[in-house]
Participant: 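Can you keep this structure in mind? I'll have questions shortly.
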Amino acid sequence: MSDRGSAREVAESAKVARFWLLMFNLAAVLILSSVDMNIVATAVPSITTYFHTVADVGWYSSAFKLSQCSFQFVFGKAYQLFSIKRVFLFANAISIAGSLLCGAATTSTMLIVGRTVAGLGSAGLLSGCFVILVQSTPLRRRPIFTGIMGAVEGLATLSAPLLGGAIVQSIGWRWCFYISAPLGAVALVLTMCCFSDLPKSSDISRLAIREKILQLYLVSNLLFIPAITALFLAIPWAGTKYSWGSGLVIGFIIAFAVLMAAFIYNQKR
């Protein structure tokens, strides 16, 4: 009986340790996503000096946020239809790839593409953190942990510019992006070791892969992303590069209105 009790205590201790490691992992992922989103602000002067251009300054931040916003629909549905653990690991891998691409950028365009990829990964990580949190905590404790994670994310957002300034002055602007890669790799390992999926409901399990893909709101994304991109192009160009009455600016605004109306109709339908 004593051996059985000891084994039970060891198993319980291991379970508690895995839970807290998972909570630490989720907090770290939220910090990384928030820092990745906001750290570029203080690195912009060094980046523009390196690439000898100020034309793309707005896109270093906008590309990340546009990608992050646009793919919330897809990842939200993916967590419902597919393995939560696999989708989260996939998003983490995309985020790491985006950070490495940004750090290794040789042109301004390459940096914008890297920011877009990193934003795509961040979209999956942000929603995935709270999906995993809900699945891993009992109902009565969810408000406490959700509040803690929200506070962590807020503090990371506030500290990102300070961290970015320190990194730029000490080891260079590229490490504002490289720093996310090793930390993201640690989060990848902790997720694999500490999180276990719950089985999906029978209704979802019976769906074929093709049926699941059709439920990922891909049509909505094909409408939403070009709509927001058109708006992002029209507003910075209007009154600076082109006049408000130019055909290009008016065309972008019309494209935004039409595509957004189609997006809203598709969502309602």
Participant: Does a side-chain heavy-atom distance below 4.5 Å link Phe256 with Leu233?
Facilitator: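 When only atoms from C-beta onward are counted, Leu233 and Phe256 do not touch, as no gap falls below 4.5 Å.
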
Participant: Keeping Ser34 on the side-chain end and Ile31 on the backbone end, is there a donor-acceptor pair under 3.5 Å?
Facilitator: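 Pair absent, no side-chain N/O of Ser34 close to backbone of Ile31.
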
Participant: Is a donor on one side and an acceptor on the other found under 3.5 Å between the side chain of Thr42 and the backbone of Pro161?
Facilitator: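 Yes; at least one donor-acceptor contact below 3.5 Å.
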
Participant: Would you call Ile39 and Ile167 a side-chain contact if the rule is heavy atoms closer than 4.5 Å?
Facilitator: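 Yes, at least one pair of side-chain atoms sits under 4.5 Å.
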
Participant: Determine the interplanar angle of the Phe73 and Phe224 rings, folded into 0 to 90°, and report it as parallel if under 30°, tilted if 30 to 60°, perpendicular if over 60°.
Facilitator: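 If you compare the ring of Phe73 with that of Phe224, the planes turn out perpendicular.
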
Participant: Counting heavy atoms not belonging to Phe24, are there more than 12 under 6.0 Å from its CZ?
Facilitator: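 12 or below, so no.
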
Participant: Looking at Ala91 and Phe75, what are the two nearest heavy atoms and their distance?
Facilitator: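 Between these two residues, the closest heavy atoms are CB-CE2, 4.0 Å.
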
Participant: For Leu32 and Gly184, work out which heavy atoms get closest and say how close.
Facilitator: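 Heavy atoms only, the tightest pair is CD1-N, 3.8 Å.
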
Participant: Short question: side chain of Thr49, backbone of Pro45 - any donor-acceptor pair under 3.5 Å?
Facilitator: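 Side chain of Thr49 to backbone of Pro45: a pair is present.
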
Participant: Report the relative orientation of the aromatic rings in Trp20 and Phe145; use parallel for angles under 30°, tilted for 30 to 60°, perpendicular for over 60°.
Facilitator: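 If you compare the ring of Trp20 with that of Phe145, the planes turn out tilted.
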
Participant: On a heavy-atom basis, which atom in Ala123 and which in Gln68 lie closest, and how many Å separate them?
Facilitator: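 Result for this residue pair: CB-O, 3.3 Å.
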
Participant: Specify whether Trp173 and Phe177 have parallel, tilted or perpendicular ring planes, treating 30° as the upper limit for parallel and 60° as the lower limit for perpendicular.
Facilitator: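 Taking Phe177 first and then Trp173, their aromatic rings stand perpendicular (interplane angle over 60°).
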
Participant: Please say whether more than 12 non-hydrogen atoms of neighbouring residues, nucleotides or ligands are located less than 6.0 Å from CZ in Arg86.
Facilitator: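 No - once you tally the heavy atoms of other residues, nucleotides and ligands closer than 6.0 Å, there are 12 at most.
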
Participant: How about CZ on Phe130, more than 12 heavy atoms from neighbouring residues, nucleotides or ligands closer than 6.0 Å, or not?
Facilitator: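 Count over threshold, so yes.
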
